[in-house]
Amino acid sequence: MDTRWLRNSFIYLLILVAAIAAFLSVFPGSGSREPNTIPISEVISLARGGQIRKITSEGDLLTIERRDNGQRVQARKDAGTDIYQILNTTGVSADRVADIEIDYRRPAEVMNWISIGAQIFPIALMILLILVFMRQAQGSNNQALSFGKSRARMFVGNKPSITFQDVAGVNEAKQELMEIVEFLKYPEKFAALGARIPHGVLLVGPPGTGKTMLARAVAGEAGVPFFSISGSEFVEMFVGVGASRVRDLFEQAKRNAPCIIFVDEIDAVGRQRGAGLGGSHDEREQTLNQILVEMDGFDTNTSVIVIAATNRPDVLDPALLRPGRFDRQVVLDRPDIVGRTAILEVHSKGKPLDRSVEIAVLAKQTAGFSGADLENLLNEAAILAARRNKKTIGLMELEEAVDRVMAGPERRSRVITDREKEITAYHEAGHAVVARFLRNVDPLHKVTIIPRGMMGGYTRLLPTEDRYLYSKSMFEDTLVFALGGRVAEDIVYGEITTGASNDIERATQMARRMVTEYGMSKRLGLVALGHKEELIFLGREIAEQKNYSEKIAEAIDEEIRQFIDTAESRAREILQNHRVVLDRLAAELMRVETLEGEDLNRIFVDDPEIISERLAPATA
């Protein structure tokens, strides 16, 4: 049970009681006045008139009981005087004094102790609170005194949780980092040849390619302590805290040397200096300066290796990237088919796969997936199999998991009219029929009209191999495939819908890059038009500098239109020649919603022209 809130509530209660006691001790008369209190002069007046029956004297307190109505009032007298003396010396007759019953009582001594305690209690309570706070300040949970301490998490190297056997698909990167492991294991071997240990290794690559896992595998292989921290954990709102944390981190590392410091997302603190509005007093810049000094300052005779990871190397400060700080840059790209096969085999351990599942076939279907995507793929398949009460993970679950990772979960609850469902069926059938009759696109794999994510349906092609180079004919056929759905709607319904907006956008972007970047326009030639600034590995365009004239801009638009119009005419020719197949495929999609494998091939096999007909691509 968490008792921190009880302890805090007790402390707050003590503070409140101490404040009230201190207020009452300083202002004892601030409370309500004693009821029915009269001055001593009024007591004398009542005695002269014979209106007092009894007076009780208790120290300096007098309690007067009136004769006429029996009401009791109180009065105060001087401590050294007697009530008889007061009455006799103030002109009260002896007869009136004789009629008054006077009762003397000894004052209670406990009242004196109470008054003394009321004065001492606030002071004692404040001292107690100070001692409590000092004890907490010395504890491990104190945040105020540990504000400048490093928050890195340390993993002991004698019990490795991850080794190179758990990392697949990055063989070149593992080979580079194996040398780091040898440096940490056998430093004397390299020192004998005058080689110095690398100060830092920068892991660069898209998100999900295994940078963090690879760094932990290095520590596991070397058997040394491993300090893990994120770049954002250095930066605080107070200037100097980040630098203090950097100093504390490296001091801990030096005490545990040889060891590894892993800084994830180092671009959060290692951005290029002078690029922002802040000056040298900026907290992030102060932190970066301290990192630079610790990595390659005067004290460099330490066996501490810094491994950092980022997917934004373009924004890092040049002083951070120079040799002596980060001596090596290891690039981790998305895995190829061999790497994907190895990664799927690693992540499939502990998951009962059906005998019909072939990892190599699954790797072909996941072109462009990162290591994290592949791990998520198998996890989604396991969840689907458990949901269906199966003992093993089959092909059906893996196919569904691929679709979930690529396009999102199915949205079967989405209510659409029969008219929209029919339009979607013809749209996807148009993509499929066009893809079947093109030479330079991947084979047709699956067609569905079940909504996924933001898509009303989609047509998926199955790559046969990983490609790194694309020809002009590939781009031209891809444009035809992209416009197949829009042309099918026009042929069948003779009107335009909004369903092809994304297809048109992608086709236009592809045609623009063919003209301005790849030099695939005969009219404009081999000229790169427009200087683009993009985020490395993320492929997102930040800005474009227009380095051409308005006349060239007009020619660019005309060439883009030429590529699009040619692709549209080719798609229209294919669909008009195979209208029967288009109608048959759309009708089957309306009935079963999803077609793949043999069921999809059967739609095309019935067409006698399919065996020999393949339209040759046109050129712009």
Side-chain angles (χ1 to χ4, degrees), residues 204-207 272 275 311-315 331 333-334 367-368 406 430-431 434-435 438-442 454-455 458-459 461 463 465-487 490 496 498-574 615-620:
V204 180
Q272 185 171 357
N311 49 29
R312 296 289 311 279
D314 53 319
V315 302
V331 177
D333 204 352
R334 289 184 175 88
M406 294 179 63
H431 285 303
V434 168
L438 292 171
R439 293 182 178 181
N440 299 296
V441 295
D442 295 320
M454 300 301 294
M455 298 185 299
Y458 74 100
T459 302
L461 307 179
E465 58 185 0
D466 292 330
R467 292 190 182 94
Y468 303 98
L469 296 176
Y470 294 86
S471 64
K472 181 181 179 182
S473 59
M474 290 180 182
F475 282 126
E476 289 173 339
D477 282 6
T478 305
L479 289 176
V480 178
F481 169 70
L483 298 177
R486 164 66 181 82
V487 174
D490 189 24
I496 300 173
T498 60
S501 60
N502 183 254
D503 296 332
I504 296 173
E505 180 182 0
R506 289 169 50 211
T508 305
Q509 290 177 353
M510 185 179 299
R512 178 174 293 275
R513 300 188 74 174
M514 291 172 64
V515 174
T516 60
E517 296 183 32
Y518 305 139
M520 294 181 177
S521 169
K522 292 183 178 179
R523 178 180 175 183
L524 295 176
L526 305 179
V527 180
L529 302 171
H531 175 67
K532 295 180 176 61
E533 295 181 1
E534 295 182 350
L535 303 182
I536 298 179
F537 294 112
L538 297 183
R540 296 178 183 173
E541 184 175 316
I542 302 175
E544 178 182 0
Q545 297 179 6
K546 188 177 179 181
N547 57 357
Y548 46 83
S549 65
E550 293 296 331
K551 184 178 179 180
I552 297 298
E554 184 178 353
I556 291 174
D557 294 338
E558 292 175 357
E559 286 296 290
I560 294 173
R561 175 63 62 86
Q562 180 66 29
F563 277 118
I564 297 295
D565 290 346
T566 302
E568 182 185 8
S569 63
R570 290 182 60 201
R572 188 177 300 275
E573 182 182 358
I574 294 174
L615 297 181
T619 57

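All values below were derived from every heavy atom in this structure, side-chain atoms included, with hydrogens, water molecules and symmetry-related copies excluded.
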Within a strict 4.5 Å, meaning less than it, do heavy atoms of the [X] and [Y] side chains meet?
{"X": "S471", "Y": "N440", "value": "no"}
{"X": "M510", "Y": "T478", "value": "yes"}
{"X": "M514", "Y": "L479", "value": "yes"}
{"X": "N311", "Y": "V204", "value": "no"}
{"X": "D490", "Y": "R572", "value": "yes"}
{"X": "Y548", "Y": "I556", "value": "yes"}
{"X": "D557", "Y": "R512", "value": "yes"}

I need the [X] [atom1] to [Y] [atom2] distance, nearest 0.5 Å.
{"X": "T508", "Y": "I564", "atom1": "OG1", "atom2": "CD1", "result": "4.5 Å"}
{"X": "R513", "Y": "I560", "atom1": "CZ", "atom2": "CD1", "result": "12.5 Å"}
{"X": "T516", "Y": "I552", "atom1": "OG1", "atom2": "CD1", "result": "12.5 Å"}
{"X": "R486", "Y": "I496", "atom1": "CZ", "atom2": "CD1", "result": "4.0 Å"}
{"X": "S549", "Y": "L529", "atom1": "OG", "atom2": "CG", "result": "9.5 Å"}
{"X": "I504", "Y": "R506", "atom1": "CD1", "atom2": "CZ", "result": "12.0 Å"}

Can you sort out the partners of R561 under salt bridge (charged side-chain N to carboxylate O under 4.0 Å, His left out), two or more places apart, ordered by chain and number?
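For R561, no residue satisfies salt bridge (charged side-chain N to carboxylate O under 4.0 Å, His left out) once neighbours in sequence are set aside.
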
Set of salt bridge (charged side-chain N to carboxylate O under 4.0 Å, His left out) partners for E558, sequence neighbours left out
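Testing E558 for salt bridge (charged side-chain N to carboxylate O under 4.0 Å, His left out), a comparison that skips the adjacent residues, returns R523.
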
Could you walk me through whether L461 and F481 satisfy the side-chain contact (heavy atoms from CB on, under 4.5 Å) test, starting with their C-alpha distance in whole Å, then the side-chain angles of each, then the deciding distance to 0.1 Å, before giving a yes or no?
CA-CA 10 Å; L461 307 179; F481 169 70; 4.1 Å; yes

On a heavy-atom basis, which atom in [X] and which in [Y] lie closest, and how many Å separate them?
{"X": "G368", "Y": "R334", "answer": "O-CD, 3.1 Å"}
{"X": "L483", "Y": "A567", "answer": "CD1-CB, 3.9 Å"}
{"X": "H431", "Y": "A482", "answer": "CE1-O, 3.1 Å"}

Tell me if the centroids of the rings in Y518 and F475 come within less than 6.0 Å of each other.
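Yes, close enough.
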
Charged N to carboxylate O under 4.0 angstrom, R570 versus D565?
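So R570 does not pair with D565 through a salt bridge.
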
Hey, is K472 close enough to D477 for a salt bridge, meaning N to O under 4.0 Å?
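Not counted as a salt bridge, because no side-chain N and carboxylate O are separated by less than 4.0 Å.
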
Given D442 and R467, is the salt bridge (charged side-chain N to carboxylate O under 4.0 Å, His left out) satisfied, shown in steps?
CA-CA 11 Å; D442 295 320; R467 292 190 182 94; 2.7 Å; yes

Walk me through whether V515 and M520 qualify under side-chain contact (heavy atoms from CB on, under 4.5 Å).
CA-CA 6 Å; V515 174; M520 294 181 177; over 6 Å; no

Verdict with reasoning, L438 to I574, per side-chain contact (heavy atoms from CB on, under 4.5 Å)
CA-CA 9 Å; L438 292 171; I574 294 174; 4.0 Å; yes

Take L524 and E559 through the test side-chain contact (heavy atoms from CB on, under 4.5 Å) and record every step on the way to the result.
CA-CA 9 Å; L524 295 176; E559 286 296 290; 4.3 Å; yes

